[in-house]
Amino acid sequence: DAGVIQSPRHEVTEMGQEVTLRCKPISGHNSLFWYRQTMMRGLELLIYFNNNVPIDDSGMPEDRFSAKMPNASFSTLKIQPSEPRDSAVYFCASSLEGRVGQPQHFGDGTRLSIL
Amino acid sequence: AQSVTQLDSHVSVSEGTPVLLRCNYSSSYSPSLFWYVQHPNKGLQLLLKYTSAATLVKGINGFEAEFKKSETSFHLTKPSAHMSDAAEYFCVVGSGNTGKLIFGQGTTLQVKP
């Protein structure tokens, strides 16, 4: 079975540029989560969707960040404009039904470097 | 509110010796608990989960964890460490009645030859 697929795996860009990260969840999963991982702050939940609807975006750091889920098989996380402090590894995860007890399945992440 | 505390930020063992990674949780009701492993430059992989069934949970790669309600603990163990076990391990508790997870700060496991 295909797992969660993220692209690109690596992104290096200059500050001020728009960055778009992509995620394809596991087929049949209806909850999707975006995380950011840094050495300083560990793993932070940015936003999560249930049935394509954003449920909790309280972790989104500021208005420069936005996320969409136009259909059940695709989501994007966009940063515009990007800043050096956005450099991190961004993970997408999906789960079935988003209920307690359901594990999340993670992609391999996008390593983002903003110069 | 739910929370989880991993008691050791770094654990070092010799290959072939037992592994113990400690985790305490806080939850106002019966929790769902997980252990995830993260190898370098990879995503998090589920090792095992507890969801109010058997208190001793067996996972992949020979790992297991025991849920102890009286001690609010969910420690991860393995009888004999392999070099390939060197990674970051996260203890995780499910949050409320949503699908959100609360992650511990992680424990780095070093395995020496």
Side-chain angles (χ1 to χ4, degrees), chain A residues 1-7 9-10 21 23-26 29-51 53-59 88-113, chain B residues 1-6 8-10 23 25 27-54 57-60 63 65 67 74 76 87-108:
Chain A
D1 288 341
V4 175
I5 299 173
Q6 292 186 245
S7 64
R9 287 298 314 277
H10 304 273
L21 311 182
C23 176
K24 177 179 170 57
I26 292 173
H29 283 188
N30 59 358
S31 290
L32 183 139
F33 306 80
W34 281 101
Y35 291 89
R36 177 171 67 178
Q37 186 178 40
T38 62
M39 290 292 291
M40 291 297 293
R41 295 187 298 271
L43 199 64
E44 304 171 278
L45 177 65
L46 300 177
I47 185 172
Y48 84 93
F49 295 83
N50 196 35
N51 293 321
V53 176
I55 302 301
D56 184 350
D57 65 355
S58 60
V89 182
Y90 290 80
F91 289 103
C92 175
S94 70
S95 71
L96 184 63
E97 297 183 356
R99 293 180 186 171
V100 173
Q102 292 294 331
Q104 294 177 16
H105 300 264
F106 284 75
D108 283 339
T110 295
R111 184 172 296 275
L112 178 63
S113 296
Chain B
Q2 289 73 42
S3 67
V4 63
T5 302
Q6 293 184 241
D8 306 292
S9 60
H10 188 98
C23 173
Y25 70 91
S27 178
S28 54
Y29 46 82
S30 183
S32 294
L33 294 161
F34 310 83
W35 275 99
Y36 282 81
V37 61
Q38 184 179 26
H39 288 93
N41 300 315
K42 300 290 284 185
L44 282 74
Q45 179 186 17
L46 180 68
L47 274 179
L48 51 81
K49 70 174 184 177
Y50 166 79
T51 53
S52 71
V57 182
K58 294 187 182 299
I60 62 172
F63 284 94
F67 173 73
F74 190 58
L76 182 70
E88 187 85 4
Y89 290 79
F90 293 92
C91 182
V92 183
V93 63
S95 173
N97 59 356
T98 72
K100 290 174 65 172
L101 300 179
I102 308 297
F103 286 80
Q105 286 302 303
T107 298
T108 301

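These numbers come from the heavy atoms of this one structure, side chains and all, not from hydrogens, waters or symmetry mates. Here is how names work: the chains are called A, B, and so on, in the same order as the sequence lines, proteins then strands, and each is numbered from 1.
- Using a 4.5 Å cut-off between heavy atoms, B/Lys42 contacts chain A through both its backbone and its side chain.
- In this structure, CG in A/Leu45 is found 5.5 Å from NZ in B/Lys100, a value given to the nearest 0.5 Å.
- Both the backbone and the side chain of B/Leu44 come within less than 4.5 Å of a heavy atom in chain A.
- Side chains of A/Gln104 and B/Phe34 form no contact here, defined as non-hydrogen atoms less than 4.5 Å apart.
- Within the 4.5 Å cutoff, the side chain of A/Tyr35 has heavy atoms near those of the B/Leu101 side chain.
- Looking at A/Gln6, neither its backbone nor its side chain comes within 4.5 Å of chain B, counting heavy atoms on both sides.
- Across A/Pro103 and B/Leu46, no two heavy atoms sit closer than the pair CB-CD2, 3.5 Å.
- In this structure, CD on A/Gln37 lies 5.0 Å from CZ on B/Phe90, to the nearest 0.5 angstrom.
- When side chains are defined from C-beta on, A/Phe91 counts as touching B/Gln38, because their heavy atoms get closer than 4.5 Å.
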Any chance you could lay out the side-chain hydrogen bond (donor to acceptor under 3.5 Å, both in side chains) test for B/Asn41 and A/Arg9, step after step, and finish with the verdict? CA-CA 10 Å; B/Asn41 300 315; A/Arg9 287 298 314 277; over 6 Å; no
